[in-house]
Each structure stands twice: as C-alpha cells, then as structure tokens.
Q: 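Encoded as structure tokens, here's the structure I'll be asking about.
Counting starts at 1 for both ligands and their atoms, following the listed order. None of these values were measured; they are calculated from a predicted model.
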Amino acid sequence: MAAPANRSAHRELHARLLRELPAERLITDPLRCLAWGGDASFYRLVPQLIVVIDSEAELLTVLTHARELKTPLTFRAAGTSLSGQAISDSVLVMLGDGWRGCRVGEGGWTISLQPAVIGAAANRRLAPFHRKIGPDPASIDAAMIGGIAANNASGMCCGTAQNSYRTLEAMRVVLADGTVLDSADVASRASLHITRPELIDGLSQLAREVRDDRALADRIRHKFRIKNTTGYSLNALVDHEDPIDIFTHLMIGSEGTLGFISEITYRTVPDHAHKASALILFDELATACRAVTLLKSCPVDAVELADRAALRSVQGKPGLPASLAEVGPDGAALLVETRAADAATLAQQIATLEAVLGTVRTHEPPRFSTDPAECARYWAVRKGMFPSVGAMRETGTTVIIEDVAFPVERLADATLDLQMLLRAHSYDEAIIFGHALEGNLHFVFTQSFDDPAEVQRYARFMDAVADLVVGKYDGSLKAEHGTGRNMAPFVEMEWGAQATALMRRIKRLFDPAGLLNPGVILNDDPQAHLANLKPLPAADPIVDKCIECGFCEPKCPSRGLTLSPRQRIVGWREIARVERETKTPAVELRGLYDHAGIDTCAACGLCATACPVGIETGLLIKALRGRAASPLAKRVASTVASNFGAVTAGVRVGLGAADLLHAVVGTKAMKGALDGVRSLSGGRIPKWSPALARPVHFVAPKAAGFGSGVPLVYFPSCAARNMGPQRGDGDAVAMPAVAERLFRKAGFDVIYPRELAQLCCGQPFESKGLADAADAKSAELEAALREASDGDRHPIVFDTSPCTWRMKRFLAGRLDVRDSVEFIHDEVLPRVTLVPQAAPVAVHPVCSLRKMGSADKLAAIAARCSAQVVTVDDVQCCGFAGDRGFTHPELNEHALRHLKPALPSGCSAGYSSSRTCEIGLSEMAGMPYRSIIQLVEACAK
Ligand SMILES: Cc1cc2nc3c(=O)[nH]c(=O)nc-3n(C[C@H](O)[C@H](O)[C@H](O)COP(=O)(O)OP(=O)(O)OC[C@H]3O[C@@H](n4cnc5c(N)ncnc54)[C@H](O)[C@@H]3O)c2cc1C
Ligand code: SF4
Ligand code: SF4
C-alpha cells in the first residue's frame with residue numbers, strides 16, 4: 001500500500017498540474033474539498049486536491065505526476081456509493097463533461113458508454129429499441145456508468161444474470177502505470193502481452209492455480225451463485241481463460257482500486273413494455289419466503305420482500321391497500337413483477353403465477369395489476385422504504401443501509417435471525433427488505449456516531465452480523481453495494497485466507513505501487529470500518545433529514561460550477577458544526593459559501609423533485625438570503641412592492657436605452673464594451689445580453705363587456721407586460737396581445753384584473769428571501785383575481801409558469817389558477833384548428849412547469865405545431881433565475897452548456913413559458929426562445 005502522501009507532495013502535484021490543466025479544474029479550497037469530497041456513505045475523508053479531468057490524456061498526465069510524487073488517487077463518478085469507496089484524503093479525480101460519450105450499437109443490442117453517463121440516460125438512449133442496460137440499481141437516475149461498473153451495482157430485476165459482470169462486452173481501461181487496454185481492439189489486446197507481460201502471466205498463473213485447486217474453484221463458483229460484491233470478482237478466474245477477459249471482468253466490482261474504466265460496452269437486455277405487478281400480503285414471513293422459492297422457477301422479473309417493520313414504515317401511503325394494516329405482527333409482503341413482449345404472453349404468465357401463489361397461504365388472494373399507474377405506485381413505495389427511515393431519524397443520527405445475501409432456500413430462517421439480531425442490539429426502528437429472488441436483504445437502521453458507546457454498539461452489531469451471515473449461512477456481507485471501507489476488514493473472514501491472498505496478488509499485479517484507492521476492498525486495519533465516521537450535525541430543520549445520497553445532483557444547474565444541493569447541505573452542516581463547537585463565526589467557510597452556496601443557487605427547487613426525503617435545498621438558500629438581507633434592503637423591497645408600476649416603467653426605460661444603443665452600435669461592439677465594463681466593475685454591473693428583451697408597454701384594454709365567448713381571467717406577468725422580443729426577432733409586440741388573440745380564436749372573452757400595472761405574484765421578492773414583500777404582492781394579486789373571476793367563477797390563466805407556481809402555492813387552493821401550458825393543452829387545443837409548421841422546434845420546460853407536472857404538455861403542444869420537437873434532456877434548470885442571469889451569468893452559461901450542441905440542424909426557434917428564462921436560452925442557443933403561446937397562436941387558424 002502506498003505510504004500516505006504528505007502535504008508537500010500534494011502541493012507539488014498541484015503546482016505541476018497547474019502547468020498542464022486549466023486552474024478552475026484544480027480544486028483546493030476548503031469548502032469544495034469538503035463538499036465535493038463526500039459520498040453517500042457514513043464515512044468522511046476530505047481530499048487535499050480535487051482534479052476534474054476531461055480526457056484520457058489528462059488522466060495520463062495526472063497519473064504520471066501522482067506516480068512520481070506517490071500521491072494516491074480515488075476516482076469519482078456520481079458519489080452515490082454507500083460503503084465509503086468513493087472518498088479520499090489524498091486526490092479525488094472527478095469526471096468532467098468530456099466523459100459523457102454514448103454510442104448505441106446496431107439495433108440497440110450493445111451500447112458503449114463513457115463513465116460519466118448516468119445510468120438512466122443510457123436507458124433513455126436505448127428506449128426506442130425496447131432495450132436497456134442490465135444493471136438496475138435503485139440509484140440509476142443519479143449513478144454513473146463508471147460507478148455502476150466499478151461497484152458491479154445491481155437492483156431489483158438484474159439479479160446475477162444481468163449485472164455488469166455478465167453483460168460486459170468490451171472495456172477500455174487505463175492502468176496506474178499509464179497502460180491503456182481496449183479489449184475490443186485486437187491490436188491493443190496484443191500490445192498488452194508485450195507491454196505488461198508480468199500482468200498477463202500473473203493473471204494466467206492465478207487462473208491456472210484456481211482451476212487446479214478444485215475445492216477453491218468450486219468455492220468461488222458457489223459464492224457467486226448469489227449476489228456478491230465482497231472483495232474482487234474472483235469468478236473471473238474460473239469463468240474465463242483468456243487473460244484479457246480475466247482482466248476486464250476483474251475490473252467489474254474493483255471499486256477504482258485496479259484501474260480507470262474509460263469506456264465500457266454492454267450487451268443490452270430486453271425492456272418489455274408489457275408488465276404486471278402484485279403486492280402480496282402474508283401473515284407469516286416464513287410463508288412469504290417459501291413463496292419466493294416457488295417463484296424462483298416462474299416467469300418473474302422481480303420479487304421484493306418487505307418485513308412487517310418495513311410495511312409499517314410505509315403503511316397509509318397513497319396507493320397501498322387498506323388491508324396492509326390487518327397483516328399480522330410477523331407478517332411480510334412480496335412485491336412481484338412479471339414482464340412480457342406481448343399482452344397474450346403476459347396474461348399466460350399472470351395465470352401461472354396466480355396458480356403457483358394459490359398453493360401458499362396469503363393474507364388475501366393475489367391480484368396482478370397491469371395498470372401502469374397502480375404498479376408505479378407500488379414500486380415508488382418500495383423505493384421509498386430506505387428514505388422513509390432516513391426521514392424519521394433523530395437529527396444528528398445517520399441512517400445506515402446494510403446489504404447482505406443469503407442462500408435463497410434459507411431466506412426465511414436468515415430473515416428471522418436478522419430480525420432477532422437487530423432487536424438484540426436495540427435497533428428497534430430497523431426495517432428489512434430486499435431482492436428476495438437473490439437472497440439479497442437490506443436492513444436499514446439509524447445510528448449515532450457522536451458517542452463512543454454508540455460506536456461500540458455499532459461495532460458489536462457488525463461483528464454479530466458477520467458471524468450470522470458468514471458463520472451460519474455462508475452468505476455475502478456485501479451483495480451489491482461494494483466492499484468499500486465498510487466491509488474491507490471482513491473480506492478475509494468471508495472468503496478465507498487462500499482466496500484473500502489471491503485478491504492481494506491481483507491488487508499487486510494491477511497496481512504494484514498501491515496508488516489507486518488505498519484502503520478500499522483490502523485494508524489491513526481490522527477497525528477500518530469504525531474510522532473516519534461522518535458527522536451529520538443539526539444545521540437547519542429544512543435540510544436536517546438529508547441523507548447525502550446525491551440523488552438531487554443531476555437536477556441542479558450549479559452542480560460542477562459551485563455546489564450541488566447535497567454539497568450546499570454538507571457545507572452548511574460544516575459551518576453550523578464549526579460555529580457551534582468554536583462559538584466563533586466560520587469566517588473562511590462563510591466567505592466561500594456566500595458565492596458558491598448562496599449567490600449561485602437558482603432557487604429553482606428542482607432538487608426537491610429527486611429527493612427521496614423531499615428536501616428543497618433552495619428553501620434553505622432563500623432563508624439564508626432572507627436572514628442576510630439588511631433592514632435597508634427590506635425597506636427598499638417594500639417600497640418597490642408598493643410602487644410596482646413605477647418601478648416597471650423604470651425598467652422599461654432601461655431596456656429601451658439598452659436597445660437603442662444596441663441598434664446604433666451593433667451587437668459585437670455593444671457586447672465587447674459592456675463585458676469590459678462589467679469586468680472592470682468586478683462583476684458588480686449586470687451583464688448585457690444580445691438576447692435582452694426590447695421594452696413593450698402592455699396596457700390592458702378597458703373592459704369591453706362580454707361577447708359570446710367564455711369568460712376567462714388572464715393575468716399577464718410583469719415580465720410579459722414589459723419585456724418584448726429580442727432585437728431581430730420580429731416586431732416589438734407585447735406577448736399578452738398575442739395571448740389575447742389566441743384565447744379569442746379559441747372562443748374565450750378575456751378579462752384582465754384591475755390595476756394590472758401594479759400587480760405581481762411576488763416571485764422576484766421570494767427568490768431573494770424577501771418573504772414579507774413577496775406575500776404582500778401575492779395577497780394583492782389574490783384580491784384582484786378574486787374580483788376579476790367573480791369569486792373563482794371564471795377560469796384564471798397565467799402566462800408565466802414561475803408565477804403560476806408561486807401563486808398556486810400561496811393560494812393553497814383558495815382560487816384555481818391555471819398555467820398557460822396546461823390551459824392551452826387542455827382547453828385551447830380542442831377548440832382551434834392548427835396548421836403545423838415544417839421546421840423543427842425546441843422546447844424548454846422551465847422548472848416550475850416540471851414541478852407542476854406539466855412538462856409533457858409543453859412538448860405535446862409543440863408536437864401539434866411542428867413535425868419535429870426536441871427537448872434537451874441534458875438541460876434541466878436554465879439557471880437564469882429571474883434576474884440572476886444578469887448578476888451571475890456564469891450560472892446560466894454553465895446550466896446551458898449542453899444546449900446548443902443538442903439542437904438539430906434546421907431548428908431556428910425554441911419555446912418555453914417564462915420570458916426571463918427565454919433570454920438566457922436565446923443567448924446560449926443562438927436562436928430566439930419565445931413563449932409557447934406565440935407558436936400556438938401562429939399555427940391556430
Ligand atoms: C439511496 C441509494 C440507493 C442505492 N441503491 C442501490 C442499488 O439498488 N443497488 C446497488 O448496487 N447500489 C445502490 N446504491 C449504491 C450506489 O448508488 C451504486 O453502487 C452506484 O452504482 C454507484 O455509482 P456512482 O456513479 O455513484 O459511483 P461512485 O460512488 O462515484 O463510485 C463508485 C466506485 O467506483 C469507482 N469509480 C468511479 N468511476 C470509476 C471509473 N471510471 N473507473 C474505475 N473506477 C471508478 C470509485 O472510485 C468508487 O470506488 C444506492 C445508493 C443510494 C444512496
Ligand atoms: S437533499 Fe435529498 S436528494 Fe439531495 S443528498 Fe440530501 S437526501 Fe439526497
Ligand atoms: S434550488 Fe435549484 S439551484 Fe438551488 S440547490 Fe436546488 S436544484 Fe440547485
């Protein structure tokens with residue numbers, strides 16, 4: 001194992017890399033080292049240097065210097081690992097945008113993926129072929145291919161037959177000494193024999209030894225009959241003879257300790273459209289486990305077991321049967337899914353399963369449902385079991401999920417033993433669930449690590465778990481989450497000295513200097529699982545339930561620029577801890593947090609849509625902004641709120657002046673000059689964008705009385721009333737005038753609320769944490785809408801989604817406000833004839849539209865207006881965030897960096913439902929983005 005590198009080696013590494021990589025990809029500040037450095041496990045190591053690499057060439061550079069300076073490296077994909085394998089106190093090598101390559105093979109039968117592709121994104125590429133990748137961890141929406149392969153992650157359906165090990169077609173690997181192997185390339189395979197003969201010979205020798213030792217070979221085969229990620233994938237030594245095939249299969253599950261996976265090609269598996277699920281209740285756990293053994297030989301794709309405590313944790317959740325409450329105290333449930341290529345086969349499979357299940361005593365007759373919504377609810381509840389414990393835990397404790405596997409025929413006894421063990425160690429809140437077909441059980445419990453007695457309780461419990469799983473059942477201590485630091489001290493206990501010695505030889509063959517992820521998988525410290533435990537101190541009730549899983553990260557526009565939601569929480573927890581312990585302000589961390597945590601959060605709330613415990617990190621940030629606002633800022637906000645019409649008139653003057661200058665000096669000169677001024681001001685002067693709106697002044701027509709149409713209250717937002725199209729995008733017509741034309745074509749008579757110029761939903765104030773001013777504006781608007789709608793008698797439509805979302809939450813059902821996207825989709829389209837245009841269009845569902853669940857409606861509307869509609873999956877929040885795109889344009893630029901390359905040729909316009917977001921989208925896409933209302937109006941005859 002490499003000696004721990006000293007600080008001067010890291011400083012020297014940093015200095016050398018500064019000469020070869022962009023400085024912004026070398027991170028040493030204490031906030032980001034801490035916050036980017038964490039993973040989803042309950043261990044913490046803080047790297048001394050983080051390097052973001054974009055190519056194999058950059059990796060080779062890092063490896064060269066790290067070898068010379070003996071500085072250990074840990075590779076990082078999405079950091080959702082649970083066993084402490086993705087953290088480092090040395091150098092963390094993170095994947096930048098250069099690792100998102102994806103090639104789908106002919107017919108979707110294979111897929112070649114670079115390591116930073118998110119698992120779910122790979123499946124989206126395969127969906128048109130009705131195929132998917134085999135591995136299916138519950139974390140697939142966040143976990144990346146590098147981590148999925150290096151952990152040999154698996155989930156509810158993939159079992160041992162469709163994991164990365166079994167579906168591996170080819171791999172490209174970079175070793176610690178800089179050797180590159182591409183197993184799909186004959187020349188590269190041949191070259192490895194010449195450049196690394198000792199590795200080839202060593203692997204061949206290991207395989208020979210194992211095959212010659214029948215008992216050892218049988219033991220290895222036996223252990224991989226069930227899921228196993230304890231130690232290395234020794235099955236490579238018995239399943240393969242070619243040393244290069246042994247090499248690539250050993251890489252699976254090697255947790256970054258043998259080499260870097262720079263591309264992997266998977267054979268894909270079918271993704272059948274026809275599915276049925278049944279939630280089957282049992283009064284005795286033993287009967288449920290007996291049913292599992294019967295189901296093993298049936299056409300099932302997933303069988304999930306939940307013990308009584310697990311069921312109790314989700315009892316009463318929407319979509320679950322009321323009979324759940326009647327299940328006896330020792331009961332359990334099985335959630336079963338069966339899939340088929342066509343409906344007739346599915347029906348046959350259901351009949352077979354019902355017949356088999358009819359032979360065991362269930363609480364009520366099993367019923368399979370083919371209703372996708374009902375099935376989705378069952379599976380959502382199952383996926384929510386781990387977080388449900390996390391959400392219930394006491395602040396300051398951590399939630400631990402363990403991951404063991406037993407021979408499936410002994411599942412009933414093993415589960416009962418596990419329940420007893422948990423009780424014996426006073427983990428009364430613990431629940432057990434898991435992938436029963438594979439004998440893979442997860443048990444989840446809460447644990448405090450801030451008291452040595454508690455650490456000792458955990459230590460005694462883990463020893464007892466190891467005795468039970470290994471001693472009594474000869475099972476796996478890690479079935480799918482990887483050995484990490486958590487099970488490294490138990491590898492020899494599970495595998496025995498002989499097999500563990502093989503693992504040590506494998507590590508030496510690949511990485512003789514012990515540079516890669518030391519301490520993971522193999523660790524000489526018998527107490528390694530009790531070291532470097534992560535504190536989870538109370539920081540703020542808004543985020544205290546965070547389990548640091550990282551599921552929110554792919555949603556966040558500032559991820560990779562400054563901080564992700566998880567990283568904001570980690571940073572804030574640390575500030576709270578330091579200040580509580582030292583009773584002095586954490587000046588340096590706070591200084592860094594102001595920009596990274598607070599200023600560059602778009603407050604979009606998209607993080608909440610992926611969080612299993614429902615945390616919206618943006619609420620923390622808005623609260624912090626509010627707390628930091630000076631009394632003067634609050635007074636100014638209140639004055640602006642009271643004089644809103646005058647202030648927006650002033651904004652129009654500013655927009656007019658900017659537009660006039662733009663017209664006179666042209667885009668290039670204007671941009672050059674104003675970028676220079678902004679730079680000289682140290683970023684204090686807001687950015688000018690060539691896509692900036694021209695001013696318009698929409699004045700609501702005087703009420704003309706009702707015609708023959710249906711009355712409709714229309715609230716145009718302040719942005720829509722004052723910000724017209726960008727220069728060069730047609731006449732400066734106010735969007736509300738277009739919307740009114742469309743509503744009239746659809747047979748509606750438009751009513752505007754009174755005193756329109758003064759009205760605002762409060763969103764601009766809310767996003768700055770100025771809650772009082774925001775609520776005052778919302779209340780004023782509520783009164784105006786109530787009056788205009790004659791007490792909610794007429795539909796109320798907003799044209800700007802963030803405003804709709806703000807008012808929906810403020811009104812809490814007191815008035816029914818509808819977003820234009822929803823209203824056009826549901827009410828306008830059926831009433832107009834559309835003549836679609838030939839040109840492709842892009843759509844961007846803004847965050848509030850996503851949160852309202854109407855993103856699909858935007859695409860559906862556009863699909864009625866154009867033959868080709870593109871939604872760029874890589875773009876979530878645009879990062880413009882009202883006016884933040886002017887004050888912190890780097891957020892918008894970062895959030896939209898993948899937009900332009902993803903647009904199809906011939907696409908010359910995009911559509912959305914928020915004027916300010918459209919400014920940033922237009923600039924970054926190099927084409928105008930407009931309101932979807934304009935597209936529909938142009939096509940509606
Ligand atoms: C709530 C929750 C549920 C989960 N459910 C499951 C589940 O159902 N099944 C399951 O198996 N796991 C599960 N996990 C664990 C984890 O999400 C998976 O193992 C996942 O595959 C890890 O991927 P990652 O991208 O986060 O990798 P990371 O955590 O970043 O890295 C994982 C390991 O891979 C190494 N690595 C990363 N990139 C490379 C590379 N390019 N080359 C070589 N090594 C590399 C790292 O050094 C590390 O050792 C869950 C985690 C959470 C938080
Ligand atoms: S905020 Fe939610 S999704 Fe994000 S890390 Fe915390 S628990 Fe996970
Ligand atoms: S609110 Fe938006 S920008 Fe802020 S942390 Fe959440 S996802 Fe990121």
Q: Tell me the contacting part of Ala77 for ligand 1: side chain, backbone, both, or neither, using a 4.0 Å heavy-atom threshold, strictly below.
A: both

Q: Between Asp883 and Lys768, is there a salt bridge with N-O shorter than 4.0 Å?
A: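 Between Asp883 and Lys768 there is a salt bridge, with a charged N closer than 4.0 Å to a carboxylate O.
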
Q: Report yes or no: does a heavy atom of Pro565 sit under 4.0 Å from some atom of ligand 2?
A: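 Heavy atoms of Pro565 never come under 4.0 Å of ligand 2.
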
Q: Whether Arg627 and Asp540 form a salt bridge (side-chain N of Lys/Arg under 4.0 Å from carboxylate O of Asp/Glu) is what I want to check.
A: yes

Q: Considering heavy atoms of the protein only, find what lies nearest to atom 8 (Fe) of ligand 2 and give residue, atom and distance to 0.1 Å.
A: Cys549 SG, 2.4 Å

Q: Can you tell me the protein heavy atom closest to atom 4 (Fe) of ligand 3 and the distance?
A: Cys601 SG, 2.3 Å

Q: Nearest to atom 48 (C) of ligand 1 by heavy atom, Gln85, Gln114, Met144: which?
A: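 Closest candidate by heavy-atom distance is Gln85.
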
Q: As a test of understanding, state which of Gln85, His481, Glu255 forms a side-chain hydrogen bond (donor to acceptor under 3.5 Å, both in side chains) with Asn151.
A: Gln85

Q: Measure the distances from the heavy atoms of Pro612 to every atom of ligand 2 and state whether one is below 4.0 angstrom.
A: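 So Pro612 counts as touching ligand 2.
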
Q: Would Phe443 and Ile400 satisfy side-chain contact (heavy atoms from CB on, under 4.5 Å), going step by step from the backbone distance to the final call?
A: CA-CA 8 Å; Phe443 47 102; Ile400 296 181; over 6 Å; no

Q: Taking only heavy atoms of Val613 into account, list the atoms of ligand 2 that are under 4.0 Å away from them.
A: 7 (S)

Q: Between Asn152 and ligand 1, find which residue part has any heavy-atom pair under 4.0 Å and reply side chain, backbone, both or neither.
A: neither

Q: Just going by heavy-atom distances, which of Ser154, Ser41, Ala116 is nearest to atom 9 (N) of ligand 1?
A: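 Answer by nearest heavy atom: Ser154.
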
Q: Any N/O/S of Cys604 under 2.8 Å from atom 2 (Fe) of ligand 3?
A: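 For Cys604, the answer is yes, given that an N, O or S atom comes within less than 2.8 Å of atom 2 (Fe) of ligand 3.
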
Q: Verify whether one side chain among Ser112 and Tyr266 offers a donor that lies under 3.5 Å from an acceptor in the other.
A: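 Looking only at side-chain atoms, Tyr266 and Ser112 do not form any donor-acceptor pair under 3.5 Å.
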
Q: Among protein heavy atoms, which sits nearest to atom 7 (S) of ligand 2, and what does the distance come to when rounded to 0.1 Å?
A: Ile547 N, 3.4 Å

Q: Give a yes/no answer: is there an N/O/S atom of Cys611 under 2.8 Å from atom 2 (Fe) of ligand 2?
A: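 It does; at least one qualifying atom falls short of 2.8 Å.
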
Q: Which is it for Ile569 and ligand 2 at heavy atoms under 4.0 Å: side chain, backbone, both or neither?
A: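 Near ligand 2, Ile569 shows its side chain, while the N, CA, C and O stay back.
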
Q: Side chain, backbone, both or neither: which part of Ala78 has a heavy atom under 4.0 Å from ligand 1?
A: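 Looking at Ala78 and ligand 1, atoms from backbone and side chain both fall under 4.0 Å.
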
Q: Among all protein heavy atoms in this structure, tell me which lies nearest to atom 29 (O) of ligand 1, with the distance rounded to 0.1 Å.
A: Ser81 OG, 2.6 Å

Q: Heavy atoms only, cut-off 4.0 Å: how does Ala603 contact ligand 3, side chain, backbone, both, or neither?
A: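 Just the backbone.
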
Q: Could you say whether the N/O atoms of Ala150 and ligand 1 ever approach to under 3.5 Å?
A: no

Q: At a 4.0 Å cut-off, with the gap strictly under it, does some heavy atom of Phe551 reach an atom of ligand 1?
A: yes

Q: Report the part of Thr80 (side chain from C-beta onward, or backbone N, CA, C, O) that has a heavy atom under 4.0 Å from ligand 1; answer both or neither where that applies.
A: both

Q: Using 4.0 Å as the upper bound for N to carboxylate O, is an ion pair formed by Arg573 and Glu548?
A: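 Salt bridge between Glu548 and Arg573, a charged N being under 4.0 Å from a carboxylate O: yes.
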
Q: Could you name the option among Ser262, Gly146, Pro387, Ser88 that has the heavy atom nearest to atom 38 (N) of ligand 1?
A: Gly146

Q: Check each atom of ligand 2 against the heavy atoms of Glu548 and keep those under 4.0 Å away; list them by number with element.
A: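 Answer for ligand 2: 5 (S), 6 (Fe).
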
Q: If you take all heavy atoms of Lys227 and Ser154, which pair is closest and at what distance?
A: NZ-OG, 3.1 Å

Q: Check this for me - ligand 1, Ile261, N or O atoms closer than 3.5 angstrom, yes or no?
A: yes

Q: Check if Gly605 has a non-hydrogen atom at a distance under 4.0 Å from any atom of ligand 3.
A: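 It does, in that a heavy atom of Gly605 comes within the 4.0 Å cut-off of ligand 3.
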
Q: Can Glu337 and Arg382 be counted as an ion pair, charged N to O under 4.0 angstrom?
A: no

Q: Could you check whether Asp874 pairs with Arg100 (Lys NZ or Arg NE/NH1/NH2 to Asp/Glu carboxylate O, under 4.0 Å)?
A: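 Looking at Asp874 and Arg100, the cut-off is met.
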
Q: Should the proximity of Arg568 to ligand 3, defined as any heavy atom under 4.0 Å, be assigned to the side chain, the backbone, both, or neither?
A: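 Arg568 to ligand 3: side-chain contact only, backbone stays beyond 4.0 Å.
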
Q: Relative to the ring of Tyr593, is the ring of Trp572 parallel (under 30°), tilted (30 to 60°) or perpendicular (over 60°)?
A: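 Trp572 vs Tyr593 ring planes: tilted.
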
Q: Mark yes or no: Arg32 above the aromatic ring of Trp36, with NZ or CZ under 6.0 Å from the six-membered ring centre and no more than 45 degrees from the axis.
A: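 Yes, Arg32 sits over the ring of Trp36.
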
Q: With atom 6 (C) of ligand 1 as the reference point, say which of Lys227, Glu553, His481 has the nearest heavy atom.
A: His481

Q: Could you list the atoms of ligand 1 found under 4.0 angstrom from a heavy atom of Pro115?
A: 41 (N)

Q: Quick one: look up the protein heavy atom nearest atom 6 (Fe) of ligand 2 and list residue, atom name and how far away it is.
A: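 Among all protein heavy atoms, the one nearest atom 6 (Fe) of ligand 2 is Cys546 SG, 2.3 Å.
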
Q: In terms of heavy-atom contacts, does NZ of Lys534 have more than 12 from other residues, nucleotides or ligands at under 6.0 Å?
A: yes

